[in-house]
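Report on the structure given below.
Being a predicted model, the structure only gives us computed values, none of them experimental. Counting convention: from 1, in listed order, for ligands and their atoms alike.
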Amino acid sequence: MTVRVALLPGDGVGPEVIAEARRAVDALGLPIEWTELVWGSAHWHEHGRMLPDDWRESLSGHTAVLMGAVGDPSLPDHVSLWGLTLELRQRLDLWANLRPVRLLEGIPGPLSGRGPEDVDMLFLRENTEGEYSGVGGRAHQGLPTEVGIETSVFTRTGVERILRHAFELAETRRGLVTSATKSNASRFGYVLWDEVAEEVAADFPGVRYERVLVDALAARMVRDPGSLDVVAASNLFGDILTDLAAAIQGGMGIAASANVAPGTPQLGLFEPVHGSAPDIAGQGIANPVGAIWSAVLLLDHVGEQAAAGTLMAALEDVCRMGPRTRDVGGDAGTREVGEAVAARAAELSERSR
Ligand code: NAD
Ligand code: IPM
Ligand code: MN
């Protein structure tokens, strides 16, 4: 059956890395039909909106979206992100953001004495509420009394579903859930978070649960990443911790993510963790690994587990043998890496036929 995937290349290095993710998927010879969508900052300049009014209709009939980053120096970031990425996550209720963190063989990591065997974490970030609920306001603009209020919103439903999913995932892995909290200083939202975590943990006697203050957790990720398995975090904490995690796995260009609503038929949205990287956009040097890895997560989500395994194996082979982009110690361009992954993926899928 044909799988319909919407392709949203986005801004900056987005189109450069998404082209390589598409190339890698196409090399697998699956019945995939792509619909390219030109939403993003250029769309804003033309129409005054990041998304068209009929974005829902455009996405209907698709099983997934493969997306590049959004953000352009010509627009305020809160306009572009609230106009597209955050809007889609919230409106589609894609409440779980999965971010696998592994140090792949051949990719230099910054932690001395740590290798691929020490880094295998899975971050599960709450994706629709918390600190990024979008609730707040500004008043008395331009006056000395000007005020800006940003309200964190934690709901029992929102907290429970993310934590429950963390435990379900831990059951399939090494059996540990670490919940990132800050209930010493934030005494409302995170106290609710902790209480719900305790309740959910009681339903999973086979999974170990620990509550760790987020500041100490950041230090532990660097000091002892091997002691972590599934990490459940709020929207803000998950955002920050996964850039740290990306650095641990070799850099921003490596990290992948899935925005999903587990247990529902909602389409998934897959994107690398990195941004539009205006500092290197247009140079053909961005690392496409995070985008290709995101395509692996997409394939898994749309029921193509074998193809996902093949593409991940191809990606790992290329990371180990090269070519690699310069951010991870090589000298290749985006396209050269993408072509190498595609060639390897074609070879591996031919072999498995
Ligand atoms: P960034 O991730 O774009 O860049 C941070 C650093 O990582 C830069 O030095 C950049 O060159 C490097 N980098 C990023 N991706 C890379 C890749 N594939 N290969 C090699 N190096 C890479 O973060 P930023 O600079 O804070 O943000 C830039 C813009 O992107 C802003 O407009 C921001 O709002 C937006 N942003 C969007 C998303 C998204 O849409 N998912 C995510 C993060 C940031
Ligand atoms: C990410 C990004 C986004 C986020 C921004 C661009 C809104 O940083 O996906 O990590 O904070 O969720
Ligand atoms: Mn981020």
- Query: Would you find more than 12 non-hydrogen atoms of other residues, nucleotides or ligands less than 6.0 Å from D331 atom CG?
  - Reply: no
- Message: So if I count the atoms of ligand 1 from 1 in the order they appear, which ones are less than 4.0 Å from some heavy atom of P278?
- Response: 28 (C)
- Could you find the nearest protein heavy atom to atom 27 (O) of ligand 1 and give me its residue, atom name and distance? G275 CA, 4.7 Å
- Message: So if I count the atoms of ligand 1 from 1 in the order they appear, which ones are less than 4.0 Å from some heavy atom of D279?
- Response: 8 (C), 9 (O), 10 (C), 11 (O)
- Provide the number and element of each atom of ligand 2 under 4.0 Å from a heavy atom of Y132. 11 (O)
- What residue and atom, counting heavy atoms only, is the protein's closest point to atom 32 (O) of ligand 1, and at what distance? D77 OD1, 2.6 Å
- Measure the distance from atom 19 (N) of ligand 1 to every protein heavy atom, then report the residue, atom name and distance (to 0.1 Å) of the closest one. N287 N, 2.8 Å
- For atom 5 (C) of ligand 2, what is the nearest protein heavy atom, given as residue, atom name and distance? L81 CG, 4.2 Å
- Query: Is there a side chain to side chain contact (heavy atoms under 4.5 Å, CB included) between L163 and S179 once you walk through the steps?
  - Reply: CA-CA 8 Å; L163 283 157; S179 168; 4.3 Å; yes
- Starting from atom 2 (C) of ligand 2, find the nearest protein heavy-atom neighbour and note its residue, name and distance. D239 OD1, 4.1 Å
- Give the residue and atom name of whichever protein heavy atom lies nearest to atom 22 (C) of ligand 1, and the separation in Å to one decimal. I280 CD1, 3.9 Å
- Determine whether L122 and L104 fall in the same hydrophobic cluster, where Ile, Leu, Val, Met, Phe, Trp and Tyr are linked whenever their side-chain heavy atoms lie under 4.5 Å apart. yes
- Query: Side chains of D72 and S41: do they bring a donor and an acceptor to under 3.5 Å?
  - Reply: no
- Is there any N or O on R89 that sits under 3.5 Å from an N or O of ligand 2? yes
- For A286, the ligand 1 atoms with a heavy-atom partner under 4.0 Å come out as 18 (N), 19 (N)
- Could you tell me which atoms of ligand 1, counted from 1 in the order shown, lie closer than 4.0 angstrom to a heavy atom of L81? 34 (O), 40 (O)
- Item | Nearest non-hydrogen protein atom, atom 6 (C) of ligand 1 | M252 CG, 4.4 Å
- Whether H78 lies under 4.0 Å from ligand 2, heavy atom: no
- Trace of the salt bridge (Lys or Arg N to Asp or Glu O under 4.0 Å) decision for R164 with E199: CA-CA 10 Å; R164 195 163 287 282; E199 289 168 24; over 6 Å; no
- Message: Side chain or backbone, does R89 bring an N or O within less than 3.5 Å of an N or O on ligand 1?
- Response: no
- Min heavy-atom dist T85 to ligand 2 below 4.0 Å: no
- Going by the order shown, which atoms of ligand 1 are within less than 4.0 Å of some heavy atom of G71? 32 (O)
- Message: I'd like to know if the side chain of H62 and the backbone of L59 have a donor-acceptor N/O pair within less than 3.5 Å.
- Response: yes
- Item | V70 N/O to ligand 1 N/O under 3.5 Å | yes
- Identity and distance of the protein heavy atom lying nearest atom 4 (C) of ligand 2: R125 NH2, 3.4 Å
- List the steps, then state whether side chain to side chain contact (heavy atoms under 4.5 Å, CB included) holds for F154 with S234. CA-CA 9 Å; F154 291 88; S234 70; 4.0 Å; yes
- Query: Have E129 and T155 got a donor and an acceptor in their side chains that come within less than 3.5 Å?
  - Reply: yes
- of all protein heavy atoms, closest to atom 29 (C) of ligand 1 is S276 OG, 3.2 Å
- the protein heavy atom lying closest to atom 3 (O) of ligand 1 turns out to be A277 N, 2.8 Å
- For E271, the atoms of ligand 1 under 4.0 Å from one of its heavy atoms are 41 (N)
- How about R211: does its CZ atom have over 12 heavy atoms from other parts shown lying under 6.0 Å from it? no
- Task: Around atom 1 (C) of ligand 2, find the nearest protein heavy atom and jot down its residue, atom name and distance.
- Result: R99 NH2, 3.3 Å
- Atoms in ligand 1 flagged as close to V273, the criterion being non-hydrogen separation under 4.0 Å: 42 (C)
- Atom name of the N, O or S atom in D239 that lies nearest to the Mn ion (ligand 3): OD1
- Message: Please work out, at 4.0 Å between heavy atoms, whether the side chain, the backbone, both, or neither of T85 comes within that distance of ligand 1.
- Response: side chain
